[in-house]
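Below you'll find the structure, written out as structure tokens, and then a few comments.
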Amino acid sequence: KSQTNDLPKRLTWHGGLDKTERKEIRRRLTEGTQRILITSPESLVTTLSGQLLETAKKGRLRHFVVDEAHLVAQWGTEFRPEFQLMSGLRRSLLQECDDESKRAKTFLLSATITQNGLDTLKQLFAEEELDMVSAVSLRPEPEYWINHAGDESCRDARIKELIRVVPRPFLLYVSKREKANEWHGRMPELGIRRCGCVHGGTLPSKREEVIDQWRAGEIDCVVATSAFG
């Protein structure tokens with residue numbers, strides 16, 4: 001059976017890739033066989049920019065897609081300026097391709113865009129007009145329950161109480177990796193046997209394993225810092 005239409009195994013470019021994997025992605029970009037590449041704004045405007053300019057010059061870059069595009073306005077001013085630097089790279093990518101019919105089409109995707117965010121996107125990514133396809137959809141919103149704990153022992157008691165009744169799977173977010181390791185170790189005492197732990201010190205391979213288990217429903221709890229996402 002022909003494998004021509006199959007996607008390559010590696011679709012993402014991130015810091016956990018080794019040199020061989022990076023070389024393979026670059027090779028496929030050169031050959032035009034990568035088809036889809038998912039990466040961060042930081043990698044896009046630095047490590048990958050030269051390779052993508054070459055890809056665009058050959059007319060092989062057909063789509064430039066920004067997911068969660070509202071972050072361009074929310075984060076791009078100070079927190080992660082690369083979100084807005086993408087607009088300059090995009091213009092260069094378009095200019096590199098002499099054949100106008102093969103220039104990349106830009107898609108900006110968001111489920112929570114505001115007028116300010118839309119104005120920012122128009123300014124940065126639209127040469128003339130920005131065609132917009134939109135729909136209004138009601139989505140269930142999360143409920144927030146706040147409980148004040150006077151000291152650490154009181155807070156721990158509240159967390160233990162919640163762990164016993166909260167639906168599974170669930171995430172327990174903590175602020176420090178030491179606390180993540182501590183609560184992960186305490187989970188068996190609370191009846192949670194299938195538990196993962198992710199923080200800034202977690203190896204990329206272990207992080208991927210926990211995420212895969214979470215997606216597959218093979219895990220009841222993940223104790224994590226914001227490094228989990």
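Scope of the values below: all heavy atoms of this structure, side chains included, with no hydrogens, waters or symmetry mates.
- Of all the heavy atoms in Trp214 and Pro169, the pair that sits closest is CZ3-CB, 3.6 Å.
- Annotation for Asp98: atom CG does not count as buried by contact number, only 12 or fewer foreign heavy atoms lying within 6.0 Å.
- A continuous path of hydrophobic side-chain contacts links Phe125 to Met132 [ILVMFWY only; heavy atoms under 4.5 Å].
- No path of Ile, Leu, Val, Met, Phe, Trp and Tyr side chains, each step under 4.5 Å between heavy atoms, connects Leu7 with Leu17, placing them in separate hydrophobic clusters.
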Yes or no on side chain to side chain donor-acceptor pair (under 3.5 Å) for Gln51 and Thr30, after CA distance, side-chain angles and deciding distance?
CA-CA 8 Å; Gln51 184 76 55; Thr30 300; 2.9 Å; yes
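- What you find for Gly185 and Pro188 is that their closest heavy atoms are O-CD, 3.4 Å.
- Counting non-hydrogen atoms of other residues, nucleotides and ligands closer than 6.0 Å to CD of Glu218 gives a total above 12.
- Side-chain atoms of Thr47 and Trp13, non-hydrogen and from C-beta on, do get closer than 4.5 Å to each other.
- Between Leu37 and Leu29, some side-chain heavy-atom pair lies under the 4.5 Å cut-off.
- Across Gly217 and Arg194, no two heavy atoms sit closer than the pair O-NH2, 3.7 Å.
- Without hydrogens or angle criteria, Arg177 side chain to Thr202 main chain gives no donor-acceptor distance under 3.5 Å.
- One hydrophobic cluster, built from ILVMFWY side chains closer than 4.5 Å, holds both Leu190 and Val166.
- In the model, His70 has a side-chain atom that pairs as donor or acceptor with a side-chain atom of Ser110 under 3.5 Å.
- Note on Arg80 versus Glu42: salt bridge recorded, some NZ/NE/NH1/NH2 to OD/OE distance being below 4.0 Å.
- Between the Ser49 side chain and the Thr46 main chain, a donor and an acceptor come within less than 3.5 Å of each other.
- The closest donor-acceptor contact from the side chain of Gln84 to the backbone of Val72 lies under 3.5 Å.
- For the pair Ile192/Trp183, no side-chain contact is recorded, criterion being any heavy-atom separation below 4.5 Å from C-beta on.
- Taking the side chain as every heavy atom from C-beta outward, Arg186 and Asp156 approach each other to under 4.5 Å.
- Applying the ring-ring contact (aromatic ring centres under 6.0 Å, His included) criterion to Tyr144, with sequence neighbours excluded, gives no partner residue.
- Partners of Arg27 under the salt bridge (Lys or Arg N to Asp or Glu O under 4.0 Å) rule, at least two apart in sequence or in another chain, are Glu24, Glu31.
- The two residues Ala56 and Leu93 have their closest heavy-atom pair at CB-O, 3.5 Å.
- Atom CD of Gln123 sits in a sparse spot, with 12 or fewer heavy atoms from other residues, nucleotides or ligands closer than 6.0 Å.
- Gln34 places a side-chain N or O within donor-acceptor distance of the main-chain N or O of Arg10, the cut-off being under 3.5 Å.
- The minimum heavy-atom distance linking Leu89 with Val45 is given by the pair CD2-CA, 4.1 Å.
- Cluster annotation: Ile38 is not connected to Val66 through the hydrophobic network of ILVMFWY side chains, with a link wherever side-chain heavy atoms come within less than 4.5 Å.
- A donor-acceptor contact shorter than 3.5 Å links the side chain of Ser92 to the backbone of Gly88.
- Between Phe107 and His63, the two ring planes are tilted [angle within 30° to 60°].
- Under 4.0 Å is where a charged nitrogen must lie from a carboxylate oxygen, and between Arg90 and Glu127 at least one such pair does.
- Counted by atom type alone, Thr55 and Glu96 present zero donor-acceptor pairs between their side chains at under 3.5 Å.
- In this structure, Lys19 has no side-chain contact (heavy atoms from CB on, under 4.5 Å) partners at least two apart in sequence or on a different chain.
- A donor-acceptor pair is defined here as one N or O able to donate and one able to accept, closer than 3.5 Å; such a pair exists between the side chain of His184 and the backbone of Cys195.
- Checked by atom type, the side-chain pair Thr114/Asn116 shows no donor-acceptor distance below 3.5 Å.
- Under a hydrophobic clustering in which Ile, Leu, Val, Met, Phe, Trp and Tyr are joined whenever their side-chain heavy atoms come within less than 4.5 Å, directly or via other members, Ile163 and Val174 fall into the same cluster.
- With 3.5 Å as the limit, one finds a donor-acceptor pair spanning the side chains of Asp119 and Gln115.
- Contact check for Thr225 versus Tyr173: no side-chain heavy atoms found under the 4.5 Å cut-off.
- Residues Arg22 and Ile25 form no side-chain contact, since every pair of their non-hydrogen atoms from C-beta on lies 4.5 Å or further apart.
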